Amino acid sequence: MKNREVVDIFNNVADMLAIRGDQIHRILAYRKAAESIEALGRDINIVYAEGKLTDIPGIGETLAAKIEEMLKTGRLEFYDKLAREIPPSLVEMLRVEGLGPKRVKQIHEVLKVETIEQLTAAAREGKLRDLPGLGAKSEAKLLAAIEALSRHGDARVSLGVAWPIARQMLAELSEVPGVVRAAVGGSLRRMRDTIGDIDLLVAADSPEAVMDRFAALENVESVAGRGPTKTNVILLNGLGVDLRVLPVERWGTLLNYFTGSKAHNVKLRELALKRGYSLNEHAFTPLAGGSEILCATEEAVYEQLGLTYISPRLREDHGEIEAAAAGTLPNLITTEELISDLHMHTTWSDGTLSILDMARAARDRGLKAVVITDHSYSLGIANGLSIERLREQAAEVRAVDRELGSDIRVLHGTEMEIRADGSLDFPDEVLAEVDIVIASLHTALGQPKEQITQRLVGAIRNPHVDIIGHPTGRLLPDRAGADLDMDAVLAAAAETGSILEINANPARLDLRDIHVRMAVERGVKLAINTDAHRADELSLSHYGVATAQRGWATAVDIVNTWPVEDLIQYVQNKVKSD
DNA sequence: TAGTAGTGACTAACATTTGCCCACAAATG
């Protein structure tokens, strides 16, 4: 059984318990366990084999025993028993916006409705409006919500899709008279790899004008709710957008609240209570009575709590609050610190620009070094290079390097295929001729864990391979990527000094945040590369930086901050030390 | 249910807005 299945079962159990009306803390225990396993980054089977299940936050003896049962038998008796009482199809009904556990229970008990289909029929027949607490309006709203669910689902979109939309909306709201500040909040500000909805915040004294403009933006399909301080809309693409407007003197608490995460907020508010304040999005209020303490900046919010400022990228309740209290937060990598990009393509394979044009574009962006890394021949669909063409290309790269002089170093590399059988496209003597070797998986990503892990570890152990490109091969938001044993991959990289890539393309973000953090903890070096196929894709590096930040990475962890001579020295040492 | 203190009992997840019905459920971070 995989992590994902354990997570799903625990989440389903939590939903079933909620519908049944169980005690809140029991429900929370299952949710917390599911979240912890989701953020684990390691195969739960391995953690179990090590006897370390109860080391996972929120897993005690009872849940450890349940995990053991699932891993050993593939089933959970408690879940099966619960399913006989609360049909799992009722859990599906919770996905309908506007339906929570109480309503689902009520509808199930009174009308014997068990599925979304039956719910639709009941609503069409006008049976819902007679239930206490519901009316004709709720009935119509539920029908619309069911329709929306079947049209868009409740899928998340990738960061790269949400970010430009949010920027555009923000720009338009900023133009409204009276707007002092406007910002993105939520998971988008935290730069999670996928986004469930967009959260926007505005500082203004009179919200009405802002709300009007917001509701009238051209990509807005419908207004789902509107009050004096809060409006939420659905975009044409199905994405939800929330807008919150407060006066500027409350900006710090507002921004902090609306950035989240929820778990981070709850922890902060608990901390506030311990220090004698109630904290909400408006202000700190002394429990003993007295006037509010307003925070115009987030720095002031954290200071009031006795914490150093915490970057939005870290706000997941993954230890950042404790680190801020102890003053041990890392000095996170920034985009400005990147001076090289080690992975890009040209017309020699599937890129759109010549070597010279790519190098110039990189130079114009202020980079000090680039590595030209076109595909190798077994990736035929991308016009991969043969040995002969690779050698021809080397001459052109050297010429471009000379032509551009001291402004930028242009190095020759390759993005070489790791073939399905684990062999590499180029022999060692050819690899020795190029400056930087990236090895990547593009095919047969569905191989069994053992096999694909060995395939990647084999490449890591080749002394000529310097970087592993987009290690898992995932594509957001839907393709999961290779089922790698990340413990084994990181161990091999740590041992050999191999560099793992954080591919900055927002459709990849691979390595992902939790694996970046594991790599940083184990001293594995990382590279933030754009994998650009066009000039404008060189600007994607900030997504990679955000991912690195979410993994608590600092400049020393990221080889793109190093002077290029140091990097060349580093990869040459790898060959020598073999 | 987890965690803690202590081997069975107790505590623990914050604070809001909105809609719709007329007090509460749902949704938000």
Side-chain angles (χ1 to χ4, degrees), chain A residues 10 13-14 17-19 21-36 53-67 78 94-107 128-142 145 154 184-190 192 196-201 207 211 223-232 240-246 250 253-274 277-285 287 305 312 315-317:
Chain A
F10 278 174
V13 167
L17 294 176
I19 292 170
D22 269 49
Q23 202 195 15
I24 182 68
H25 293 107
R26 195 177 187 202
I27 299 165
L28 289 172
Y30 279 95
R31 290 213 198 287
K32 172 126 204 303
E35 268 168 37
S36 282
L53 284 179
T54 52
D55 286 1
I56 302 171
I59 307 287
E61 280 181 26
T62 315
L63 289 184
K66 289 189 164 69
I67 294 170
F78 174 59
L94 293 174
R95 293 173 62 208
V96 177
E97 194 154 334
L99 276 188
K102 298 255 168 63
R103 288 240 189 280
V104 166
K105 182 181 188 186
Q106 176 194 33
I107 291 169
L128 293 183
R129 64 183 69 184
D130 298 329
L131 296 175
L134 289 173
K137 216 158 181 176
S138 305
E139 195 173 68
K141 210 158 183 183
L142 282 178
D154 49 10
V184 171
S187 51
L188 197 48
R189 180 157 183 250
R190 303 199 307 279
R192 273 194 55 172
D197 69 350
I198 294 175
D199 300 301
L200 302 178
L201 327 53
M211 303 291 198
V223 177
R226 177 163 174 171
T229 65
K230 188 176 157 182
T231 292
N232 82 349
V241 187
D242 292 349
L243 171 67
R244 197 74 197 266
V245 185
L246 284 183
R250 301 179 188 272
T253 41
L254 172 66
L255 184 57
N256 186 247
Y257 157 69
F258 223 9
T259 298
S261 67
K262 182 176 171 178
H264 179 88
N265 288 355
V266 168
K267 268 254 169 89
L268 289 189
R269 288 172 177 199
E270 284 174 12
L271 194 56
L273 287 175
K274 283 188 193 132
Y277 300 97
S278 168
L279 168 62
N280 63 25
E281 57 267 48
H282 300 277
F284 285 91
T285 308
L287 297 171
L305 293 168
R315 299 184 196 168
E316 301 290 347
D317 188 24

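Owing to the predicted nature of the structure, the values given are computational and were not obtained by experimental measurement. Residue numbers start from 1 in every chain, and the chains themselves are labelled A, B, ... in the order their sequence lines are given, proteins ahead of strands.
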remark   = Dot-bracket assigned to DNA chain B with the 3.5 Å Watson-Crick/G-U criterion, [ ] for crossing and | for other-strand pairs, is ((((....)))).((((((....))))))
To the nearest Å, give me how far apart [atom1] ([X]) and [atom2] ([N]) are.
X        : N      : atom1 : atom2 : result
A:Lys32  : B:dG3  : NZ    : C1'   : 10 Å
A:Lys66  : B:dA2  : NZ    : P     : 8 Å
A:Lys262 : B:dA13 : NZ    : C1'   : 8 Å
A:Asp199 : B:dT28 : CG    : C1'   : 8 Å
A:Leu305 : B:dC14 : CG    : C1'   : 13 Å
A:His25  : B:dC10 : NE2   : C1'   : 12 Å

ask   = Does A:Ser187 place a side-chain N or O at less than 4.0 Å from the phosphate oxygens OP1/OP2 of B:dG29?
value =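 So the side-chain polar atoms of A:Ser187 never come under 4.0 Å of the phosphate oxygens OP1 or OP2 of B:dG29.
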ask   = B:dA2, B:dA13, B:dT28: which one has an atom nearest the side-chain heavy atoms of A:Ala29?
value =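 Selected nucleotide: B:dA2.
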message = Taking the minimum atom-to-atom distance to the side chain of A:Arg269, which one of B:dG29, B:dA27, B:dA2 wins?
response =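 Of all the options, the side chain of A:Arg269 is nearest to B:dG29.
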Could you work out the separation of [N] and [M] based on their [atom1] atoms and round it to a whole Å?
N      : M      : atom1 : answer
B:dA15 : B:dC21 : P     : 30 Å
B:dG29 : B:dA13 : C1'   : 14 Å
B:dG6  : B:dT11 : C1'   : 15 Å
B:dC14 : B:dC20 : P     : 29 Å
B:dA12 : B:dT17 : C1'   : 26 Å

query = Could you run down nucleotides 17-24 of chain B 5' to 3' and tag each one B, S or - for protein heavy-atom contact under 4.0 Å?
reply = SSSSS---
ask   = With centres under 5.5 Å and planes under 30° as the test, does A:His264 stack with B:dG29?
value =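 It does not: the ring fails the test against the base of B:dG29.
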Residues A:Glu281, A:Arg269: salt bridge by 4.0 Å N-O rule =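 Result for this pair is yes, salt bridge flagged.
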